[in-house]
Amino acid sequence: LEVESNFLSGKLPSELGLLTRLILLDLGSNAITGTLPTEIGYLKRLQYLNVGPNLLDGNLPTSLGQMTDLTILGLFENSFSGTIPTELANVTPLAQFISSNNQLQGSIPTELGQLTGLSVLSVENNFLTGTLPTELGQLSRMIYLAVSNNLLTGTLPTELVKAAPLQLFQVSYNSLMGIIPSDYVALSSLQIFSADDNHLTGTLPTELGMWNVLVVLSIRNNSLTGT
């Protein structure tokens with residue numbers, strides 16, 4: 001069911017949950033309001049769900065964790081609040097989780113580290129707190145990790161070096177501290193590293209000169225030293 005880029009408005013009917021044979025549901029680029037109905041979790045065959053951008057709000061239903069065939073989940077550019085459901089860890093095929101530009105709070109669930117097929121995690125422009133989970137280092141297929149413009153604290157976890165295919169890593173506009181780990185040299189596929197406006201200290205590791213495919217390195221407005 002593809003109805004993106006229209007002028008649809010109103011709320012999503014709970015009867016959507018009756019369409020149990022759907023494998024694709026794209027409602028993006030409309031003017032839909034209200035919440036994401038709990039009944040969405042009945043769509044257990046769904047592989048692709050996109051509801052962004054719209055005017056949806058409220059909490060993300062925990063029933064998203066029942067959609068165990070889902071590979072792409074797009075929730076971006078709405079006004080969702082509350083926390084990221086830990087139940088998403090049950091959606092083992094999930095490859096892309098995109099919930100940027102919302103009003104999500106709480107921490108990035110450590111349980112997301114169980115989604116070993118996850119390649120895109122985009123949660124920038126929210127109100128997320130806590131630290132970057134070390135468990136994200138278990139995501140060996142991760143190529144896109146964007147957590148910029150949140151309220152994250154703590155340090156850059158060295159465990160992320162296990163996410164070897166990582167091509168984009170954006171952590172700008174948070175309150176991260178500590179050093180840029182020299183172990184990050186192992187991220188040999190990295191093309192964009194952005195860590196502007198944090199509280200990073202220490203020197204820029206010389207080992208990072210081995211990022212041979214790097215296109216953008218942006219670390220403005222920190223407390224880095226050295227020459």
Side-chain angles (χ1 to χ4, degrees), residues 76 83-84 86 88-89 94-227:
F76 56 94
T83 59
I84 299 172
T86 58
L88 283 177
L94 195 62
Q96 297 184 24
F97 176 54
I98 308 170
S99 62
S100 53
N101 298 290
N102 279 288
Q103 299 172 23
L104 296 172
Q105 303 166 352
S107 59
I108 299 173
T110 59
E111 289 84 357
L112 294 185
Q114 300 173 29
L115 298 172
T116 53
L118 196 65
S119 61
V120 174
L121 176 58
S122 175
V123 294
E124 68 266 34
N125 300 315
N126 280 286
F127 299 101
L128 298 173
T129 54
T131 61
L132 267 176
T134 58
E135 289 79 3
L136 296 182
Q138 301 170 21
L139 303 177
S140 58
R141 297 183 182 179
M142 179 71 70
I143 61 173
Y144 187 108
L145 176 57
V147 300
S148 295
N149 202 16
N150 279 288
L151 303 169
L152 299 174
T153 55
T155 59
L156 292 170
T158 56
E159 288 81 0
L160 284 180
V161 300
K162 300 173 186 176
L166 197 62
Q167 297 176 17
L168 180 144
F169 185 22
Q170 293 181 327
V171 297
S172 295
Y173 304 103
N174 280 290
S175 295
L176 298 171
M177 59 184 67
I179 64 170
I180 299 174
S182 58
D183 290 350
Y184 280 9
V185 65
L187 299 174
S188 57
S189 299
L190 198 63
Q191 299 178 27
I192 298 174
F193 178 60
S194 170
D196 299 330
D197 288 87
N198 281 283
H199 306 300
L200 299 176
T201 55
T203 59
L204 189 62
T206 57
E207 293 88 347
L208 301 188
M210 297 174 64
W211 280 345
N212 294 327
V213 296
L214 191 71
V215 177
V216 175
L217 173 62
S218 188
I219 49 176
R220 297 170 297 179
N221 297 321
N222 282 284
S223 299
L224 296 167
T225 58
T227 57

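- L160 contributes atom CG, which lies 4.5 Å from atom OH of Y184 (distance to the nearest 0.5 angstrom).
- Put simply, the side chain of D183 never gets that close to the backbone of V161: no donor and acceptor are under 3.5 Å apart.
- Within the model, atoms OG of S194 and OH of Y173 stand 7.5 Å from one another, a figure rounded to the nearest 0.5 Å.
- Counting heavy atoms from C-beta on, the side chains of N221 and D196 never come closer than 4.5 Å.
- The backbone N or O of S172 lies less than 3.5 Å from a partner atom in the side chain of S148, making a donor-acceptor pair.
- Proximity of I180 to F193: side-chain heavy atoms (C-beta onward) are separated by under 4.5 Å at one or more points.
- No hydrogens or angles considered: a donor-acceptor pair under 3.5 Å links the side chains of N101 and N125.
- In this structure, CG in L104 is found 11.0 Å from OG1 in T129, a value given to the nearest 0.5 Å.
- Contact annotation: the side chain of V147 never approaches that of L128 to less than 4.5 Å [non-hydrogen atoms, C-beta and beyond].
- Y144 OH to Q191 CD: the interatomic distance, rounded to the nearest 0.5 Å, is 12.5 Å.
- With rounding to the nearest 0.5 angstrom, the CG atom of L166 is 10.0 Å from the CG atom of L136.
- Atom OG1 of T116 and atom CG of L139 lie 8.0 Å apart (nearest 0.5 Å).
- Between H199 and S175, some side-chain heavy-atom pair lies under the 4.5 Å cut-off.
- Using a 4.5 Å heavy-atom cutoff, the side chains of F127 and Q103 are in contact.
- M142 places a side-chain heavy atom less than 4.5 Å from the side chain of L118.
- Between L121 and L115, every side-chain heavy-atom pair lies at or beyond the 4.5 Å cut-off.
- Across every non-hydrogen atom of P181 and I179, the tightest pair is CD-O, 3.4 Å.
- Counted by atom type alone, N150 and N126 present zero donor-acceptor pairs between their side chains at under 3.5 Å.
- In plain terms, the two heavy atoms of P157 and P133 that are nearest each other are CG-O, 4.4 Å.
- Looking at L152 and I108, their side chains come closer than 4.5 Å, going by heavy atoms from C-beta outward.
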